[in-house]
Amino acid sequence: MKEPVLEARGLHKSFKRKGVLRGLDLEVPEGAVMGLLGKNGAGKTTLIECLLGLVKPNEGEITLLGASPWDMDTATRQRIGYVPQTSSSFGWMRVGELVRYIGAFYASWNMDNVQRLLAWYELEEDAKVGTLSEGQRQRLAIVQAMGHDPDLLVLDEPVASLDPAARRNFLKELIEFNTRPGKTVLFSTHITSDLERSAAQVAILKEGRIAFNGGIDELKERICRLHIHAGRPLPTTLPAVRTLRYEKDGNTALAVTDGITEDDLAQLEQQLAARINLEYLSLEDIFVELNR
């Protein structure tokens, strides 16, 4: 298994005594496209800012590209591209002037690729930055983050202000970026459909911790919904099955389980004298079940 590009252990972060991150652990392996999924207000932005060294956690350790984010040399820091949730730029500049100005700070700035991306996102070089719409400013922030060909691309809700066409263009660009050796992406979102299109892995943030970190296919295999029909009243709990939700009404019940196997299912049918239909869930349904 490849070494993690980004690793966090035991992160705690509070604001005015309100805990946001509570002993959080996270690993992002090299070459991954990982979506960070969580409800609004779950702490996704706080986590990203801690990981990048923009906010200091109260406790915990972080390793980013083999170094501490608070003790990182310039060469290592230039291997990172970052798109914040809210971008602010020099509004008096024109788009072309801005990208050339930003490029002066990076030895690996690729102006040919930047111009390709500007055209891809339909951004005119002579347009004033201050006149751009919120969605256009977000597209420009993405171009700026990718202009120096980073090894690690971190994006905080990058599609929140994009229209559907721009979102699809962005996701396509993200996948193409990741096909190149050594490129890793971490992006936060609450739009599950975007994760299913672009990410192979997902980390779910809940109550200040990572509730799941792994492949989306693995998650879909683990979390299932059971529709139970029995010939007699059902028990108040299901035996030997880990349930996230269990609602019964006499001889029928609905249960959401974590990690049930075929053998478990057969045994449960025998114990309950029931017919059980298993339903696999979409990522959106799983997210809703995990956050009930």
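When a residue number appears, it is its place in the shown sequence, counting from 1. Predicted model only: the values in this text are computed from it and were never measured.
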Below 3.5 Å, can you tabulate the donor-acceptor pairs from side chains in residues 66-73 to any protein atom, sequence neighbours excluded?
| residue | atom | partner | partner atom | Å |
| --- | --- | --- | --- | --- |
| Ser68 | OG | Trp70 | N | 3.2 |
| Asp73 | OD1 | Ala75 | N | 3.4 |
| Asp73 | OD1 | Thr76 | N | 2.7 |
| Asp73 | OD1 | Thr76 | OG1 | 2.7 |

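- Taken to the nearest 0.5 Å, the CD atom of Glu247 stands 10.5 Å off from the OG1 atom of Thr252.
- Atoms CG and CD1, on Asn169 and Ile142 in that order, are 10.5 Å from each other to the nearest 0.5 Å.
- Residue Arg242 qualifies as open at atom CZ: its count of foreign heavy atoms under 6.0 Å is 12 or below.
- In this structure, a donor-acceptor pair under 3.5 Å is present between the side chains of Thr261 and Asp264.
- Using a 4.5 Å heavy-atom cutoff, the side chains of Arg197 and Arg167 are in contact.
- Proximity of a side-chain donor or acceptor of Glu97 to a complementary backbone N or O of Arg94 within less than 3.5 Å is detected.
- Shown here is Glu176, whose CD atom has more than 12 heavy atoms of other residues, nucleotides or ligands within 6.0 Å.
- At a threshold of 4.5 Å between non-hydrogen side-chain atoms, the residues Glu196 and Lys220 count as touching.
- When each of Arg79, Gln78, Lys183 is checked for a side chain to side chain donor-acceptor pair (under 3.5 Å) with Asp149, only Lys183 meets the rule.
- With a 4.5 Å cut-off on side-chain heavy atoms, Glu289 and Arg225 count as touching.
- Considering only heavy atoms from C-beta on, Leu24 comes within 4.5 Å of Leu47 through its side chain.
- Under a 4.0 Å N-O distance rule, the pair Asp25/Arg209 does not qualify as a salt bridge.
- Distance alone, capped at 3.5 Å, is enough to place a donor-acceptor pair between the Lys44 side chain and the Gly38 backbone.
- When each of Glu61, Glu59, Glu27 is paired with Arg9, the side chain to side chain donor-acceptor pair (under 3.5 Å) condition holds for Glu27 and for no other.
- Residue pairs meeting the ring pair (Phe, Tyr, Trp, His ring centres under 6.0 Å) criterion with at least one partner in residues 191-233, sequence neighbours excluded, are absent.
- Under a cut-off of 6.0 angstrom, the local environment of CZ in Arg168 is sparse, with at most 12 non-hydrogen atoms contributed by other residues, nucleotides or ligands.
- For the side-chain contact (heavy atoms from CB on, under 4.5 Å) with Leu186, the lone residue among Leu155, Leu153, Leu36 that qualifies is Leu36.
- When atom types are taken as modelled, the side chain of Arg222 and the backbone of Gly259 share no donor-acceptor pair closer than 3.5 angstrom.
- At a threshold of 4.5 Å between non-hydrogen side-chain atoms, the residues Leu52 and Leu64 count as touching.
- For the residue pair Thr45/Asp156, the side-chain donor-acceptor check at 3.5 Å is satisfied.
- Contacts classified as salt bridge (charged side-chain N to carboxylate O under 4.0 Å, His left out) and involving residues 228-241 (residues at least two apart or in different chains) are not found.
- Within the hydrophobic cluster formed by Ile, Leu, Val, Met, Phe, Trp and Tyr side chains joined at under 4.5 Å, directly or through other members, Tyr246 is accompanied by Leu226, Ile228, Leu234, Leu238, Val241, Ile260, Leu265, Leu268, Leu272, Ile276, Leu278, Tyr280.
- Looking at heavy atoms from C-beta onward, Glu157 lies out of side-chain contact with Phe187 at the 4.5 angstrom threshold.
- Interatomic distance, CG of Leu171 versus CD1 of Ile175, reported as 6.5 Å (0.5 Å rounding).
- For Lys39, the NZ atom counts as loosely surrounded, since its 6.0 Å shell holds 12 or fewer non-hydrogen atoms of other residues, nucleotides or ligands.
- At least one donor-acceptor pair closer than 3.5 Å links the side chain of His12 to the backbone N or O of Gly23.
- Judged purely by atom type and a 3.5 angstrom limit, Lys206 uses its side chain to pair as donor or acceptor with the backbone of Leu290.
- Within the model, atoms CG of Leu195 and CG of Leu283 stand 6.0 Å from one another, a figure rounded to the nearest 0.5 Å.
- Residues in residues 93-112 take part in these ring pair (Phe, Tyr, Trp, His ring centres under 6.0 Å) pairs, two or more places apart or across chains: Phe90-Tyr101, Tyr101-Phe105, Tyr106-Trp109, Tyr106-His148.
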Ile223 vs Leu219, test: side-chain contact (heavy atoms from CB on, under 4.5 Å). Steps then yes/no.
CA-CA 6 Å; Ile223 310 299; Leu219 180 62; 3.9 Å; yes
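- In this structure the side chain of Pro29 never reaches within 4.5 angstrom of the side chain of Pro4, judged on heavy atoms.
- Heavy-atom minimum distance, Gly81 versus Pro150: N-CB, 3.4 Å.
- Remark: Ile210 CD1 to Leu11 CG distance equals 9.5 Å, nearest 0.5 Å.
- To the nearest 0.5 Å, atoms CD (Glu7) and CG (Leu65) are separated by 12.5 Å.
- For Ser133, the side chain to side chain donor-acceptor pair (under 3.5 Å) criterion is met by Gln136, not counting sequence neighbours.
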